[in-house]
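Here is the structure we will look at.
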Amino acid sequence: AILLIRNPFAAIKGHRHLDQGGHTGMAKPEQFKGAGWDEFVRIKAESWLNFYSDWLDTAKPTNILVIHYEILKINLRHSLRRILNFLGLEEDEGRLRCVEANPTGHFKRDKSKDLIGDPYTAEQRQIIKRTIRLLNEKLKKYRKETLPTALYDYYD
């Protein structure tokens with residue numbers, strides 16, 4: 001299994017946009033406020049942790065490759081080489097160049113239209129940081145690369 005792990009702050013915010021605005025749309029600012037948003041954050045933070053924890057706890061550690069989304073974005077070629085090596089596939093330089101030249105797909109939100117900014121309360125930050133800490137402990141337990149929190153938006 002290849003576990004692609006994304007910053008939970010970004011993942012939760014992105015999921016809200018997906019649920020409320022579709023694949024390329026944006027949720028309205030009011031969708032990031034109030035009891036509904038608070039419940040959404042709680043549920044999604046726990047789901048984020050449970051998803052990765054379940055894989056780490058049930059699969060043989062040598063059968064799991066952890067890839068961090070933020071690192072993939074920064075160093076696509078290196079991440080792809082790790083994936084190819086894990087899968088036992090040969091590198092094709094032409095395909096690697098092609099992927100590097102075309103790293104994004106069609107379903108992207110226009111970040112310039114994101115008027116939300118930082119939607120998290122102090123309490124929500126603590127909930128998400130707790131899930132990050134717990135997953136990091138699990139990653140260490142299974143000798144996997146820990147979360148690159150220095151690259152995470154909203155983590156400070």
Side-chain angles (χ1 to χ4, degrees), residues 1-21 23 26-27 31-32 36-93 95-100 102-105 107-109 111 114 116-156:
I2 298 171
L3 288 183
L4 179 62
I5 303 176
R6 185 179 183 197
N7 168 2
F9 288 102
I12 292 167
K13 185 178 175 185
H15 199 160
R16 188 61 152 193
H17 281 306
L18 173 66
D19 286 354
Q20 299 299 319
H23 283 284
M26 296 287 193
Q31 295 294 324
F32 293 90
W37 170 239
D38 193 53
E39 182 68 11
F40 187 86
V41 170
R42 289 178 190 279
I43 290 168
K44 296 304 176 186
E46 200 62 33
S47 295
W48 179 88
L49 173 63
N50 289 339
F51 177 82
Y52 297 113
S53 293
D54 287 350
W55 273 100
L56 291 166
D57 287 337
T58 58
K60 187 177 175 184
T62 55
N63 290 343
I64 295 177
L65 173 66
V66 171
I67 297 288
H68 297 286
Y69 179 75
E70 291 71 23
I71 293 173
L72 177 88
K73 285 177 58 178
I74 292 169
N75 195 340
L76 181 59
R77 179 177 285 261
H78 172 73
S79 296
L80 290 175
R81 282 185 167 150
R82 288 185 61 215
I83 292 168
L84 290 170
N85 183 57
F86 176 75
L87 296 174
L89 299 173
E90 289 185 32
E91 289 182 27
D92 180 318
E93 188 60 34
R95 286 183 184 222
L96 286 173
R97 278 195 308 272
C98 181
V99 171
E100 283 183 314
N102 303 284
T104 62
F107 293 105
K108 279 191 72 100
R109 288 183 190 88
K111 290 190 180 203
D114 185 355
I116 306 306
D118 180 355
Y120 298 105
T121 65
E123 183 181 347
Q124 291 167 344
R125 281 181 184 283
Q126 290 310 307
I127 289 166
I128 297 169
K129 283 184 175 184
R130 177 188 153 274
T131 65
I132 289 170
R133 182 177 39 76
L134 292 172
L135 185 58
N136 254 340
E137 290 171 7
K138 199 155 296 251
L139 289 165
K140 287 176 189 173
K141 175 183 173 183
Y142 293 109
R143 297 182 177 164
K144 300 297 180 185
E145 183 181 3
T146 57
L147 302 169
T149 56
L151 300 174
Y152 283 7
D153 290 337
Y154 314 116
Y155 183 75
D156 55 18

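Scope of the values below: all heavy atoms of this structure, side chains included, with no hydrogens, waters or symmetry mates. Predicted model only: the values in this text are computed from it and were never measured.
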| remark: For F9 and D153 the tightest heavy-atom approach is CB-O, 3.6 Å
| field | Flag, side chain of N136 to backbone of L147, donor-acceptor distance under 3.5 Å | value | yes
| message | Is the shortest side-chain heavy-atom distance between I2 and I64 below 4.5 Å? | response | no
| request: Identify the two heavy atoms, one from L4 and one from L72, that lie closest to each other, and give their separation to 0.1 Å. | output: CD1-CD2, 4.4 Å
| query | If you round to the nearest 0.5 Å, how far is OG of S79 from NZ of K73? | reply | 12.5 Å
| Between H17 and F32, is any pair of side-chain heavy atoms under 4.5 Å apart? | yes
| Would you say the side chain of K129 lies within less than 4.5 Å of the side chain of R133, judging by non-hydrogen atoms? | no
| request: Working to the nearest 0.5 Å, report the span between CG of L96 and CZ of R81. | output: 6.0 Å
| query | Does Y120 offer a backbone N or O that forms a donor-acceptor pair with the side chain of W37 under 3.5 Å? | reply | no
| query | Judged by atom type as modelled, is there a donor-acceptor pair below 3.5 Å linking the side chain of K140 to the main-chain atoms of T146? | reply | no
| Are side-chain N/O atoms of Y142 and D57 paired as donor and acceptor at under 3.5 Å? | yes
| field | Heavy-atom side-chain contact between I132 and W48 under 4.5 Å | value | yes
| query | Is any side-chain heavy atom of L84 less than 4.5 Å from a side-chain heavy atom of L87? | reply | no
| pair T131-I128: side-chain heavy atoms closer than 4.5 Å | yes
| query | Do NZ/NE/NH1/NH2 and the carboxylate oxygens of E100 and R95 come within less than 4.0 Å? | reply | no
| message | Please enumerate all residues that pass side-chain contact (heavy atoms from CB on, under 4.5 Å) together with D38, with sequence neighbours excluded. | response | R42, Q124
| said: Once rounded to the nearest 0.5 Å, what's the spacing between atom CZ of R6 and atom OH of Y52? | reply: 9.5 Å
| said: salt bridge (charged side-chain N to carboxylate O under 4.0 Å, His left out), that's the test. Do E46 and R130 meet it? Break it down for me. | reply: CA-CA 10 Å; E46 200 62 33; R130 177 188 153 274; 3.6 Å; yes
| request: Please round to the nearest 0.5 Å and tell me the distance separating atom OG1 of T121 and atom CD of Q126. | output: 9.5 Å
| Going by heavy atoms in the side chains, are L65 and L3 under 4.5 Å from each other? | no
| Check ion pair R125-D156 (N to O, under 4.0 angstrom) | yes
| task | Output the distance between atom NZ (K138) and atom CG (L49), rounded to the nearest 0.5 Å. | result | 7.5 Å
| field | Euclidean distance, E145 CD relative to I67 CD1, rounded to 0.5 Å | value | 7.5 Å
| Quick one: are H15 and I12 in side-chain contact, heavy atoms under 4.5 Å? | no
| field | Flag, side chain of R82 to backbone of V66, donor-acceptor distance under 3.5 Å | value | yes
| Closest approach of Y154 to G117 (non-hydrogen atoms, all atoms of both residues) | OH-O, 3.3 Å
| request: Could you tell me whether the side chain of N102 and the main chain of C98 form a donor-acceptor pair under 3.5 Å? | output: yes
